[in-house]
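See below for the structure under consideration.
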Amino acid sequence: MTSQAQATPQATGATARSGASHGLDGVSAERVDALLDRLASLPSLMVAFSGGADSAFLLAAAARALGPERVEAATAVSPSLPRIELERAREFAAGLGIAHHAPATDELSREGYRANAGDRCFFCKTELMSVVGPLAAERGIAAVATGTNADDIRAGFRPGIRAAANAGALTPLADAGLSKSEIRAASLAWGLPTWDKPAAACLASRIAYGVAVTAGGLERVADAEYALRRALDEAAIPVRNLRVRDMGDDTAKVEIDAELVAAVAGRPEVLAAVEGFAEVRLDEQGFRSGAMNELLPNPERYR
């Protein structure tokens, strides 16, 4: 991973824009240039870095625009972070020559987060910013930014975006109008290994709204997903997107890529790898981001 990340040019100002949009269409190229211009105008920046495709691209863009010495990354560590994501985030930041921090956050101390209503993400992001904001100030970093993209803004149902905005976080990708597909295309053009990384939402997103979030519950879905991925590998079923969702009442729902549903349905021993639940069922519709939001009776309440 690091070799590809290291290939990203470390330049500032107009030099950062030179060749940065190669291989993109006109509109996407203009948006990438607008992003670099905006980032170059900042004295320094700390990126709230989850390790996903969006925040990784933002981190690489900041390194181009400001130089790595004026950019830092912070990956929040808590029971909701999948274990492997922290190490991947560290490697990516190191490949860019950027200082990486792993501050602990304590979402579980917030009642609204534990209660897990439709606004759970608001309390999670509030906790994140309560830690990353002071860290940036302590480090003398002028601003904090998240990897929110233009699609996130259009989707509407994003309580976490509201919390980050309340805390003064910048959203450079969204401000430049960059969609998820444009971010992936630009990441590929830049040689970033995250260009096709599957969505990797926090573990709390696996727990159905109304089911209390606990450290044990987060660990249970993490263990279940790890075991299921291993079983799929052994069965030579090449899964990309996978979720084990805790639906309450000791029931798990498995979501995988839609084109693999039939193959998994025909291999009951694969689903048997999911332990810790009394009942495990396969979602016939397959994986879809934000599936839990479909179950909210009144999502408008949380917009």
Side-chain angles (χ1 to χ4, degrees), residues 50 52 78-85 107-108 112-124 151-152 155-160 180 197-302:
S50 69
S78 76
S80 70
L81 179 73
R83 301 183 188 106
I84 195 171
E85 293 302 321
E107 299 94 317
L108 287 167
Y113 178 85
R114 297 193 307 272
N116 196 22
D119 58 352
R120 181 196 66 242
C121 291
F122 178 88
F123 299 98
C124 179
D151 290 338
D152 295 330
F157 185 77
R158 291 292 191 274
K180 178 68 120 182
K197 184 176 181 180
C202 76
L203 291 172
S205 69
R206 275 70 153 176
I207 299 178
Y209 292 120
V211 176
V213 178
T214 65
L218 294 170
E219 184 176 9
R220 179 165 70 160
V221 293
D223 289 345
E225 287 191 3
Y226 177 81
L228 182 55
R229 277 196 182 277
R230 187 170 57 184
L232 288 164
D233 285 343
E234 292 173 354
I237 299 176
V239 68
R240 176 177 169 78
N241 293 292
L242 180 156
R243 297 285 188 273
V244 175
R245 303 200 188 271
D246 181 348
M247 306 305 295
D249 296 325
D250 212 20
T251 298
K253 181 179 70 169
V254 171
E255 293 179 16
I256 58 172
D257 303 296
E259 65 271 19
L260 300 178
V261 169
V264 174
R267 301 285 297 274
E269 74 277 11
V270 172
L271 287 181
V274 178
E275 298 180 345
F277 293 88
E279 179 184 355
V280 179
R281 55 188 174 85
L282 181 65
D283 190 321
E284 295 181 355
Q285 296 183 68
F287 168 81
R288 54 209 181 278
S289 182
M292 290 302 203
N293 297 340
E294 299 170 5
L295 304 179
L296 281 171
N298 183 21
E300 291 293 331
R301 173 186 173 188
Y302 303 107

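Computed from a predicted model, the values in this text were never measured in an experiment. Computed over heavy atoms, backbone and side chain alike; hydrogens, waters and symmetry mates excluded.
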_Residue that, paired with E225, satisfies salt bridge (Lys or Arg N to Asp or Glu O under 4.0 Å) out of R243, R230, R206_ =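 So, applying the salt bridge (Lys or Arg N to Asp or Glu O under 4.0 Å) to E225 and each of R243, R230, R206, only R206 qualifies.
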
Of the non-hydrogen atoms in [X] and [Y], which two are nearest, and what is the gap between them?
X	Y	answer
V274	A224	CG1-CB, 3.9 Å
D250	R220	OD1-NH1, 2.8 Å
N116	V211	ND2-O, 2.8 Å
Y113	S80	OH-CB, 3.6 Å
L203	A222	CD1-CB, 3.7 Å
R245	S205	NH1-O, 3.1 Å

*asked:* Can you confirm whether E284 is buried at CD, in the sense that more than 12 heavy atoms of other residues, nucleotides or ligands lie under 6.0 Å from that atom?
replied: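 Open: at most 12 neighbouring heavy atoms sit under 6.0 Å from CD of E284.
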
*So with a 6.0 Å cut-off around CG of D249, is the heavy-atom count from everything else above 12?*
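Counting neighbours around CG of D249, 12 or fewer heavy atoms of other residues, nucleotides or ligands fall under 6.0 Å, so no.
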
*With a 4.0 Å cut-off, would you call D257 and R240 a salt bridge?*
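No, D257 and R240 are not salt-bridged.
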
To the nearest 0.5 Å, how far apart are [atom1] in [X] and [atom2] in [Y]?
X	Y	atom1	atom2	value
I256	E259	CD1	CD	8.5 Å
L232	L271	CG	CG	8.0 Å
I207	L218	CD1	CG	4.5 Å

*Side-chain contact test, heavy atoms from C-beta onward, threshold under 4.5 Å: evaluate it for R83 versus E219 and give yes or no.*
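When only atoms from C-beta onward are counted, E219 and R83 do touch, with a gap below 4.5 Å.
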
_salt bridge (charged side-chain N to carboxylate O under 4.0 Å, His left out) between R267 and E234, intermediate numbers included_ = CA-CA 12 Å; R267 301 285 297 274; E234 292 173 354; over 6 Å; no

*Measure from the side-chain N and O atoms of D151 to the backbone N and O of K180, and report whether any donor-acceptor pair falls under 3.5 Å.*
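Flag set: sc D151 to bb K180 pair under 3.5 Å.
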
